[in-house]
Amino acid sequence: MATETLIQLCILLPACGALFIAASAKFPNLREAVTMGSATGLFCLVAALFMRPEALNLAPIVLAEPLPGLQLQLCLEPLGLLFAGIASLLWLITSVYTIGYMRGNKENNQTRLYICFALALASTMGIALSGNLITLFLFYEMLTLSTYPLVTHNQDHDAVSGGRYYLGILISTSVGLLLPAIIWTWHLTGTTTFTAGGILAGNIDPSLVVLLLLLYAFGIGKAALMPIHRWLPEAMVAPTPVSALLHAVAVVKAGVFCMVKIILYIFGPQLLITTGSNSILIGLASFTIISASIIALRQDNLKRRLAYSTISQLSYITLAVAILTPHSITAAVVHITAHAFGKITLFFAAGAIYTAAHKTKVSELNGIGQRMPWTMSAFAIASLSMIGLPPAAGFISKWYLLQGALSINSGPIIAVLLLSTLLNTGYFIPIVYAAFFKKEDAPIAHPHGEAPWTMVLALTTTALLTLILFFWPQIPLELAAQLPGVGR
Amino acid sequence: MTWVGHYNYWGAIFLMMSGFYVVISRGNLIKKLIGLNIFSTSVFLLYISMGKIKGATAPILTEAARLSPTPQLYSNPLPHVLILTAIVVGVATTAVGLALTVRINERYGTIEEDEIRAKDDSL
Amino acid sequence: MIHLPIVPVIIPLLAAPLCIIFRSKQLAWSIALAATWTSFCVSILLAIHVVAVGPLSYNIGGWPAPWGITYYIDTLNAFVLLIVSGMSAVVLPYARKSVEMEIDSSTQPYFYSLLLICITGLLGITVTGDAFNMYVFLELSSLSSYALIGMGPRRRALTAAYQYLIMGTIGATFILIGIGLLYSLTGTLNIQDMAVQLRANDILGSGNRTLITAFAFLTVGLSLKLALFPLHLWLPNAYSYAPSVVTIFLAATATKVAIYMLLRFCFGVIGNGTIFQMTLGKIILIPALAAILVASIVAIFQYDIKRMLAYSSVAQIGYMILGISFATTTGLTAGILHMFNHALMKGLLFMVMGAVSYRVGSVYINDFRGLGRKMPWTMAAFVIGGLSLMGVPMTAGFISKWYLIKAALENGWWDVTILILLGSLLAVVYIWRVVETAYFNPSHENEEDIGEAPLSLLIPMWTLVIANIYFGIDTSIPLNLAQQAATLLMEGI
């Protein structure tokens with residue numbers, strides 16, 4: 001099969017999967033088989049792309065040209081390939097988990113959930129493979145719309161109001177800030193194609209670079225830079241597999257992915273460094289890292305604590321790319337991967353606890369480690385990754401990030417990193433400690449064991465991946481080495 | 001005193017404004033239509049004034065005029081023709097308006113605007 | 001071939017009395033269907049001819065140009081002709097079921113006859129090159145539309161029609177005054193000849209008072225007709241109480257034709273480059289922006305969804321006028337393109353309203369609860385129409401918004417760009433309310449089963465859905481026509 005066809009199939013396959021899921025609504029087993037089938041198929045497709053190094057050097061594929069000069073085009077580049085790989089792999093695992101979760105909790109409207117999952121994945125693939133800003137924007141909005149039904153899945157009052165937050169913030173930032181930024185870029189340069197080294201240099205008044213950068217940074221609401229982060233905790237009303245998908249795979253990763261892409265391929269490292277405008281992004285990201293961690297400390301709802309942890313971790317990626325040294329860009333790329341595996345494990349664990357024990361609060365978790373040893377071990381490994389301790393993948397990204405910070409001799413950044421590591425420890429380790437070493441509260445409402453086996457299988461797999469990535473980080477490292485600003 | 005000489009235009013403006021005022025101020029649907037008629041009549045006057053040329057006669061080509069050595073002045077016939085059409089349109093508008101008023105009277109039992117509004121709001 | 005320009009007008013005119021003569025609703029519908037499709041086909045032929053060969057003119061009764069009535073068709077006319085005849089051709093198949101439901105079977109022949117007369121009027125305005133003839137056709141279409149609106153199922157339709165009659169007549173009279181003043185200035189009624197005379201006698205640059213008064217009357221009158229904010233008051237009532245088919249038809253065509261007239265007079269007669277035109281642009285810019293914002297905000301608070309869409313129409317008209325007020329080729333392209341795209345999307349959305357009221361009986365927001373499941377095809381069509389209205393890429397709405405923003409940026413008007421985007425956001429809010437209710441609110445419990453709309457409603461609806469998507473991806477046809485028309489207008493005929 002031609003590589004171009006493979007790339008297009010990556011978007012088409014989940015979209016068609018959604019159609020078939022809708023068609024098989026009446027037969028739950030068939031429907032879930034279709035979900036698994038499309039997830040597996042997509043993973044194989046992306047794996048095939050990994051096997052073909054020449055795929056990275058292809059000319060852009062033009063899907064349509066609605067207006068002269070305004071193309072919808074797909075183009076594979078290293079970061080997009082990595083993102084597509086993570087998303088397709090984790091969709092597969094999430095599907096296994098979701099089936100267990102949905103059946104275990106006897107949720108309603110399961111078909112709609114599976115359809116929207118598949119559509120969200122199609123949009124994510126679109127984001128990963130898009131060749132210019134317009135295509136990126138289109139799939140970005142499709143992702144928002146296709147995940148909205150997932151967030152409001154429970155259809156009660158909380159869900160609807162959370163959904164409004166979610167949609168309201170994401171749509172208004174993207175239309176109100178991101179779109180003007182794209183139009184501005186297009187107006188300045190006459191193109192929106194992602195080009196290594198950037199397209200803006202020489203076309204923009206240096207004093208306006210900061211403004212444009214801020215438009216992009218806040219316009220990409222999915223990257224959850226403060227103060228545009230409120231949608232993330234609000235979206236926690238969703239069922240846990242959805243949260244896992246939003247946080248680890250699709251939405252927030254799409255956000256930071258866009259951020260990295262725009263910084264590397266639209267602005268270009270050189271322009272940002274010469275104008276010094278990356279420092280404002282560094283400041284914003286540092287602020288977000290610290291304050292989100294402090295808020296996370298005070299959350300008793302487990303999922304909300306994880307949500308704030310996500311906000312803080314996302315800003316690591318933004319911070320890393322904003323530092324703009326080869327090491328730090330590598331850190332950003334590795335952290336996209338490491339955080340994906342780690343955070344999805346944590347959410348899987350939270351969902352497993354909810355399914356087996358019906359507990360949602362941190363304060364209720366005393367002694368749960370004895371009843372659910374697999375789940376809580378996975379949780380512990382993922383926590384290590386979040387904190388950045390070996391032998392978990394988070395260590396590698398933090399290592400590169402520190403090196404990047406050292407190479408520009410920035411004391412404040414190093415201080416931020418150290419402080420946030422302490423804070424991370426502060427909100428994760430007590431959970432692990434309580435789960436394994438504290439006594440269970442005396443009267444146990446429901447004696448329970450592990451969650452259904454599909455869920456446990458999924459979360460141990462992702463925890464294992466976190467470990468594997470620590471020992472064999474070659475794939476993200478090699479891809480990162482091919483990025484502009486790193487390789488040359 | 002050229003502006004006095006344009007008395008027919010002043011007449012048109014007066015008619016137009018009074019018609020307009022009736023449309024705005026009256027609540028009775030029939031009176032509104034009458035106002036609308038006055039309003040459009042003013043335009044007829046405007047058009048016809050435009051066609052008039054001082055000292056000119058009706059544009060009828062007679063044998064005597066054709067043979068006379070001094071050229072005869074004629075009024076412009078075109079505005080008259082246009083206004084004939086406009087009058088027809090005005091009549092049609094009035095007819096439709098009256099028909100609607102009859103229907104409104106059947107369904108609401110009144111043709112006073114405020115009473116109609118009260119009936120709609122009470123629903 | 002030589003008589004082609006008059007065919008699209010004459011056919012519905014001849015068909016209208018036939019509908020009444022036969023007195024059978026089936027036959028009347030078939031006649032109307034045949035007539036609209038014939039004029040649509042002829043319009044396509046005309047458009048092809050105009051693009052390939054150039055402007056066509058046709059002297060009625062053989063009287064030569066400045067004296068007789070001339071039908072003159074250039075790219076702009078051909079484009080508007082396509083919009084009007086195309087939309088009526090799509091609406092007619094839809095009409096049969098919907099009209100059967102909403103209108104007495106004894107009055108149905110009259111309904112079709114009036115609809116045909118309305119179509120005649122709108123097409124007539126489009127093809128004619130004679131200013132007074134344009135007024136007559138305008139009144140023809142208006143009078144029939146007052147009657148059509150009055151046929152609405154609720155009694156408020158009557159008051160809405162009456163209100164429209166009063167406002168419409170005032171508007172038309174203003175237009176008549178404007179035409180009269182232009183005539184007194186140029187001595188001709190032929191629009192092209194007017195332009196020639198104005199230029200020949202050097203009236204343009206001198207700040208002639210009669211000319212300014214004429215255009216003041218024309219602009220205000222046309223603004224009433226095209227429902228430019230704040231002269232839009234008749235529109236929400238008229239659209240929400242009229243029969244579904246009439247709403248679809250009027251929303252898709254009537255205001256567009258009024259905008260066409262504005263273009264003809266403001267650009268065709270005066271021509272480009274005068275200071276006068278630029279001031280006019282500045283004057284209508286403010287109401288256009290106000291329309292976009294105020295009408296969109298008002299739309300958010302409507303419970304009657306048909307009324308909500310009517311307010312949205314007012315906002316969308318604001319977009320068209322905004323494009324025109326830029327008075328640049330790109331701006332005009334955006335405005336003209338949006339006439340076409342808005343016809344597609346608003347036609348579609350009002351068709352959805354017609355289908356919902358066909359099944360549910362009314363279109364209040366609460367009636368939409370659970371419809372996503374009960375009428376999946378209809379609501380899917382609503383979602384796509386809504387996306388197009390918001391201006392999401394890959395739909396027709398995006399293209400015109402894109403050009404509008406491009407035009408604003410070319411003028412360096414950042415603030416206007418932001419307002420355009422803000423308008424889009426407001427559209428997201430009001431469309432989303434309906435989508436949320438339809439898909440995420442459970443339906444009423446004790447409600448008899450509501451099924452999907454019949455096929456004869458769904459097929460025209462989905463034709464427009466496909467058109468909305470197709471013209472968002474392959475824009476070459478409307479874009480070329482709009483660009484040509486805009487260039488022509490900027491050159492001054």
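Naming: A, B, ... by sequence-line order, numbering from 1 per chain.
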Just how far is it from atom CZ of C:Arg156 to atom CD1 of B:Ile116, taken to the nearest 0.5 Å? 11.0 Å
For the OH atom on B:Tyr9, are there more than 12 heavy atoms of other groups (residues, nucleotides or ligands in this structure) within a distance under 6.0 Å? yes
Considering non-hydrogen atoms only, spot the tightest contact between C:Ser184 and B:Met50 and give its length. CB-SD, 3.4 Å
More than 12 heavy atoms of other groups within 6.0 Å of B:Lys31 NZ: no
How far apart are the C-alpha atoms of B:Leu78 and C:Phe132, what are their side-chain angles, what is the distance that settles it, and do they pass the side-chain contact (heavy atoms from CB on, under 4.5 Å) test? CA-CA 11 Å; B:Leu78 191 64; C:Phe132 194 80; over 6 Å; no
So, the part of B:Phe20 with a heavy atom under 4.5 Å from chain C: the answer is side chain
For C:Phe174, is it the side chain, the backbone, both or neither that has a heavy atom under 4.5 Å from a heavy atom of chain B? side chain
For the OG1 atom of C:Thr159 and the CZ atom of B:Arg117, what is their distance to the nearest 0.5 Å? 9.5 Å
Residue selection (most heavy-atom pairs with chain C, distance under 4.5 Å) from B:Val23, B:Leu29, B:Val88: B:Leu29
Of the listed residues (C:Leu189, C:Leu181, C:Ile170), which shares the most heavy-atom pairs with chain B below a 4.5 Å separation? C:Ile170
Is C:Ile149 in contact with chain B via its backbone, its side chain, both, or neither, using a 4.5 Å heavy-atom distance? neither
Do B:Asn76 and C:Tyr183 have side chains that approach each other closer than 4.5 Å (heavy atoms only, starting at C-beta)? yes
Nearest heavy-atom contact between B:Arg107 and C:Arg155 is O-NH1, 3.1 Å
Check C:Leu143 against B:Thr93 and note the closest heavy-atom contact, atom names and distance. CD2-CA, 3.5 Å
Test item: C:Tyr146 side-chain N/O and B:Val96 main-chain N/O as donor-acceptor pair under 3.5 Å: no
Measuring from C:Ile166:CD1 to B:Leu33:CG, what's the distance to the nearest 0.5 Å? 5.0 Å
Is it the side chain or the backbone of C:Leu140 that comes within 4.5 Å of chain B heavy atoms, both, or neither? neither
Do B:Glu106 and C:Leu158 come close enough that some side-chain heavy atom pair is under 4.5 Å? no
Using non-hydrogen atoms and a 4.5 Å limit, figure out which bit of B:Leu46 sits close to chain C: side chain, backbone, both or neither. side chain
Look up atom CZ in B:Arg103 and atom OH in C:Tyr162, then write down how far apart they are to the nearest 0.5 Å. 16.0 Å
4.5 Å side-chain heavy-atom contact, C:Tyr135 and B:Leu82: no
Short question: side chain of B:Tyr47, backbone of C:Leu176 - any donor-acceptor pair under 3.5 Å? yes
